[in-house]
Amino acid sequence: MSASPLILAIDQGTTNSKAFLIDPQGGIVAKASRPMTVTHPQPGWAELDPCGIWQTVRETIDEVSAGRDVAAIAISNQRESILLWDAATGEPVGPCVIWQCRRSSDACALLREYGHEAMIVEKTGLGIDPLFPALKLAWLLDNLPDARVRAERGELRAGTVDSWLLWNLTGGKVHATDASNASRTQLMNIDTGRWDADLAELFRLPVSLLPEIKASDALFGHTADGVPIHALMGDSHAALFGHGISTPGRIKATLGTGSSLMAVTGARAYSTHGLSGTVAWSRHGDVVHALEGNISVSGQAAAFATRLLNLANEAALTELAKTLSDNGGVVFVPALAGLGAPHWKDRARGQITGMTLATEPAHVARAALEAIALQIRDVFVAMEADLGAELPDISVDGGAAASDVLMQILADLLNRPVRRPAVTEVTACGVARMAGEALGLWQGRGDTEDTVFTPRLNQAARTQILSQWYAAIEKAKQE
Ligand SMILES: O=P(O)(O)OC[C@H](O)CO
């Protein structure tokens, strides 16, 4: 038994549900993880089983909390994934349509054609792309039997994954979300922090279906055992907070299935370089704004290449990539779910270019790691252009940030130092801190040493890789 109060932080991601017990100094006392399987019923579609999401989260909570006192639960989650459930029974209605799913691609094209993009960006900070859930929710209402009628009769509830977990944790008593998650739905007006009636009408969605929007550090409710749920945050936002980035001038990249780069902007920022304006978090009514660039397939590019090359695991991919010092002209563009920021081409398709008879599997392995870094570089460059200032370095977290080889490639291609904190579970630590500070029990850790990867690649080699990359990106966009 630990004497200090412990926060139970959930990190519900695309491919794993994780739970951590975190002490007031930010130390991880216990952790548990369960894998999730994304299904692809049609090319470009991506779904998760809502019961599987709840079940895996429940199991990780039970595993880490056995025999411990938990002061509060804090939830961080994959964003932009949307689901529907029955208000009376709590049973899911249809699948969880996840952020990577492109099923609303045609509907997005129509909205663009009818000239709605400027209004949507003005209200939400988000451009039109299948990433965002408003059109996916409309798709569910239109395609699941009786769903629209039942929604209009008030029999259904909708929400992002945080809402679904909150509903289940509170035994169906609370239907709420936080401002960071709501800001990614394309239904929240970023200036008012409320669901927007014009957007709801445009997307044909009854506002009554949606959860109440609260501050990220609100007291959201209690579990049946009386444990307070005291923070909800989108995973990328929690990571930004976990890196201690709360003022402009620094940037972080979370390398998960996709990657998200975020920088705090102070006031609301408008991107002219393919990024999104978003809410970083809201606390005690104060809203912190950020610029974000989402990359659709990032760490997943390594998993994909591992499977294509028939390797045992991603460590084997990295070992193979390490056997060469260059890519031999091979470029991999992982547009496997379209291209996100800053290109936003949802119909782009993946490419492997530049192969010759001299190409070895190791070249493809190296190209896969470089692709992760190059996509991050594209967003980093857009971020500097939007901010009108150079960013001195980048802080990283997430599963793929554990790879020294990848972090060195990232430093080389960015031509900036890459800072990796000692604990890379920054998302969980960030949301735990949000709850811990709200409860007044957070002490924070003293200074810890980051591992810093310093650029070593010469300019000529960097320029060559970049020119091959831009040529391949153009090809992918034209698919
Ligand atoms: O599952 P992750 O950790 O890649 O996170 C997904 C993002 O939140 C999608 O925007």
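Note that the numbering runs from 1 along the sequence shown for the chain. Both ligands and their constituent atoms are indexed starting at 1 by order of listing. Just the heavy atoms: all of them, side chains too, but no hydrogens, waters or symmetry mates, feed the values below.
By the 30° and 60° cut-offs, the orientation of the rings of Phe332 relative to Phe304 is parallel.
Contact annotation: the side chain of Leu439 approaches that of His230 to within less than 4.5 Å [non-hydrogen atoms, C-beta and beyond].
The atoms of ligand 1 that sit less than 4.0 Å from any heavy atom of Gly256 are 4 (O). Heavy-atom proximity to Gly13, at under 4.0 Å, picks out these atoms of ligand 1: 1 (O).
Here the protein heavy atom with the shortest distance to atom 10 (O) of ligand 1 is Glu80 OE1, 2.6 Å. Of the protein's non-hydrogen atoms, Thr257 N, 2.9 Å is the one closest to atom 4 (O) of ligand 1. Closest to atom 3 (O) of ligand 1, if we only count protein heavy atoms, is Asp235 OD2, 3.3 Å.
Look at Gly258 and you'll find a heavy atom under 4.0 Å from some atom of ligand 1.
Both the backbone and the side chain of Thr14 come within 4.0 Å of ligand 1, judged by heavy-atom distances.
The backbone N or O of Thr278 sits nowhere less than 3.5 Å from a side-chain atom of Ser276 that would complete a donor-acceptor pair.
Across Ala231 and Met434, no two heavy atoms sit closer than the pair CB-CG, 3.9 Å.
Between Trp85 and Trp164, the distance from one ring center to the other falls under 6.0 angstrom.
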